[in-house]
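What follows is one structure encoded as structure tokens, with my remarks underneath.
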Protein chains: 2
Amino acid sequence: MSRAKTTQTPPPRATIRDVASAAKTGKTSVSRYLNGEQHLLSDALKERIERAIALLDYQPSQMARSLKSGQTRLIGLIIADITNPYSVEVMRGVEAACRQQGLTLLVCNTNNELNQEKHYLQLLSSYRVDGIVINAVGMREDAISALQQSPVPMVLIDRKVNNFSCDVIGLNNVDATRTVTQHLLQQGFEAILFLSEPMTINTRLVRLHTFLQEMQHQPHKFAAQGEVELSDSQGLETLLRDFADRYADKRRAVISVNGALTLVIARAMRRIGMVWGKDIGLLGFDDLEWAELAGVGITTLKQPTYDMGYAALEQLVTRIQGSNEPIQEHAFPGELIVRGSTTLA
Amino acid sequence: MSRAKTTQTPPPRATIRDVASAAKTGKTSVSRYLNGEQHLLSDALKERIERAIALLDYQPSQMARSLKSGQTRLIGLIIADITNPYSVEVMRGVEAACRQQGLTLLVCNTNNELNQEKHYLQLLSSYRVDGIVINAVGMREDAISALQQSPVPMVLIDRKVNNFSCDVIGLNNVDATRTVTQHLLQQGFEAILFLSEPMTINTRLVRLHTFLQEMQHQPHKFAAQGEVELSDSQGLETLLRDFADRYADKRRAVISVNGALTLVIARAMRRIGMVWGKDIGLLGFDDLEWAELAGVGITTLKQPTYDMGYAALEQLVTRIQGSNEPIQEHAFPGELIVRGSTTLA
DNA sequence: CTGTTAGCGCCTTCAC
DNA sequence: GTGAAGGCGCTAACAG
């Protein structure tokens, strides 16, 4: 019966005190040993401590350390949609930078839900993370109240939040949208439909406005716009058909505001037998790993997502270290990758 | 100058003591208030505490709590390759389950590097996570030594590790591989090439062995196998060409051992002008969001990844709660999704 | 019903 | 060189 008990209760983790007594010394010396102040210890003592640590498989508790020091060396990353390859690349960048700085990443996925975002913000705060990188759900004020209070340094990725002043890392949306629009015009497209998910996000608005602005200068060209939920495939098909009908005699193209939408648009086109690169042009923000495999290929505007994540963390670290420089907005350039979908035969 | 100082030193977070004194009471009452023992407090006191908390924007420190209780309510998830959509879905499942259980997820990406894995294992342990879900890098013994020691409950996802007894959640690889092989045979394919990344992972081995075994029973059919690194596009092209040449007069098909490889194979086929669904059959483990868009579509064996992640966490929780039941190996069924690539015209 | 007290594991003066 | 003592923020006896 004592056996059962032994199995059930795992041996409690060794503490610094255990190590100390095993090494026949005090906690202080062990602590010193751990914190690189080894030059203060006699070789004999070092020896003993080393052995005791190995013997007990001792690992200092970060919890206790953090409690004492007030620094957790934990970074929170809040991502709106981890399903999105864009987010995954950002995450990889942030993570790489964290590793390089000896920080640990706490990743949270809000699934594009505002209350999840609030929940995680509070959670991270209660764990006393040293800083937060956040890809916000929206730009409305809901989340801000919670944000603005917090004394935790933050950096926004991609999406700005109204009335909330904070460093932002993102794409140079204006330049990128101009590039994209000009490319389509140069390829001879005459009617362009800008498709977007709901305009609840700053980035989407900027892209749309820039697009419309670019098109204004064009005398005999036509700009159209549509808004769809990712799940509304019916609505999307209708939108596409209407566009094709209205500009039946023009060379037509569609711009997709982001990668997730591009996938949905491509599927819809498939279903209604509209072939990109032949019946219609297609261009999407965000590069896609399968872009070259889909029919004749899909032209994309690639963002340096990994670098953006990396840069976001670096910026965050300067804030953590107490930097008081004015708010930064770092805009990265995009890269147009031309494929078959925008080079009509 | 006092202004500068104020800006630089953010107001220290309120502690339970601050709340207590603001509410003119002791820490205990505040603690009780926080821990749902409100029925023990007088309405007047509750009132005051509530106000004090709101006023100071007080949030209890999880660090201190964990230190006291010995439980962090933190779960570690170690993922071999976060780039892989498979992993992302697993993560989403684990995360959903965590949320449902009031646990917080610490996600680590090992990038398929063994030393990263070891590093993170130790890190999670030093943060005293309550449990770990791990998608191991390999099945060699290197990492195990570190693993086996640990008193932290663990659950493996997808990949088993030799000599390490631990619950495992994964696909029913035998059944799935049979399904896949039989499907190709029924479609009239006569020569089948099984392509895999290096055989460093248990799952891949099982799939290969099952495939070979299934093919043994087939009199006039031919089984071939190849091993490639994802980055070795040259080698892959050669492999595909050789296969096509050797079985020039047979109906040929390729099985890809996982989603990442399927992408690479599809690209290689594109480059050498080999058209799936026409020149050759193609079938891959793991469903891909773009599978229907690539040419005539690619047949896949879909895994219930989200559910697997969810189940993994649930299993982990039973262990955390002290369950001593024998090691479980939960194998989920796969689902064959037939598309154009395996229905030769 | 409420407050006082003693640690959780660690680091850090401060003495020896 | 080394160790003892106090406290980080919190919870849980144990008194009142």
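Letters A, B, ... are given to chains in the order of the sequence lines, protein chains preceding strands, and every chain is numbered from 1. Being a predicted model, the structure only gives us computed values, none of them experimental.
Here C:dT4 presents its P atom at 12 Å from CZ of B:R32, a figure rounded to the nearest Å. Summarising the geometry, the separation between CZ on A:R128 and C1' on D:dG9 is reported as 9 Å, rounded to the nearest angstrom. Regarding B:I16, its CD1 atom lies at a distance of 12 Å from the P atom of C:dG3, rounded to whole Å. Taking atom CZ on B:R65 and atom P on D:dT11, their separation rounds to 5 Å, with Å as the unit. Taking atom OH on A:Y127 and atom C1' on D:dC10, their separation rounds to 14 Å, with Å as the unit. One atom, CG of B:N35, and another, P of D:dA12, lie 7 Å apart when rounded to the nearest Å. Computed from coordinates, the B:R17 CZ to C:dT5 C1' distance equals 13 Å when rounded to whole Å. Between the CD atom of B:Q71 and the P atom of D:dC10 there is a distance of 18 Å, given to the nearest Å.
Ranking C:dG3, C:dC10, C:dG9 by closeness to the B:S29 side chain, first place goes to C:dG3. In this structure, of D:dG9, C:dT2, D:dT11, it is D:dT11 that holds the atom nearest to the side chain of B:L34.
The phosphate of D:dG9 has neither OP1 nor OP2 within less than 4.0 Å of any side-chain N or O from B:S61. Under 4.0 angstrom from either OP1 or OP2 of D:dT2 there lies no side-chain N or O belonging to A:Y33.
B:T25 comes within 4.0 angstrom of the backbone, heavy atoms only, and of no base. B:T28 comes within 4.0 angstrom of a base, heavy atoms only. Across all strands shown, A:S31 has heavy atoms under 4.0 Å from base atoms, whether or not it also approaches the sugar-phosphate.
Between B:L40 and B:A64, the residue anchored nearer the 5' end of DNA chain C, judged by the nucleotide with its closest heavy atom, is B:L40. Residues B:S42 and B:K27 each lie close to DNA chain C; by heavy-atom proximity, the contact nearer the 5' end of the strand is made by B:S42.
Interface remark: the B:K68 side chain does form a donor-acceptor pair with the C:dG7 base, using a distance-only criterion of under 3.5 Å.
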Requested in this report: Test B:R92 against B:E89 for salt bridge (charged side-chain N to carboxylate O under 4.0 Å, His left out), laying out the working first.
Outcome: CA-CA 5 Å; B:R92 287 189 54 231; B:E89 276 304 295; 3.0 Å; yes

Query raised in the report: Step by step, would you call B:T72 with B:Y127 a side chain to side chain contact (heavy atoms under 4.5 Å, CB included)?
Result: CA-CA 8 Å; B:T72 55; B:Y127 273 105; over 6 Å; no

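Dense packing is recorded around NZ of A:K46, with more than 12 heavy atoms of other residues, nucleotides or ligands lying under 6.0 Å away.
Shown are A:D167, A:I169, A:V168, A:V155; of these, the side chain to side chain contact (heavy atoms under 4.5 Å, CB included) with A:H330 is made only by A:I169. Of the residues B:I134, B:L124, B:V161, the one that meets the side chain to side chain contact (heavy atoms under 4.5 Å, CB included) test with B:M154 is B:I134.
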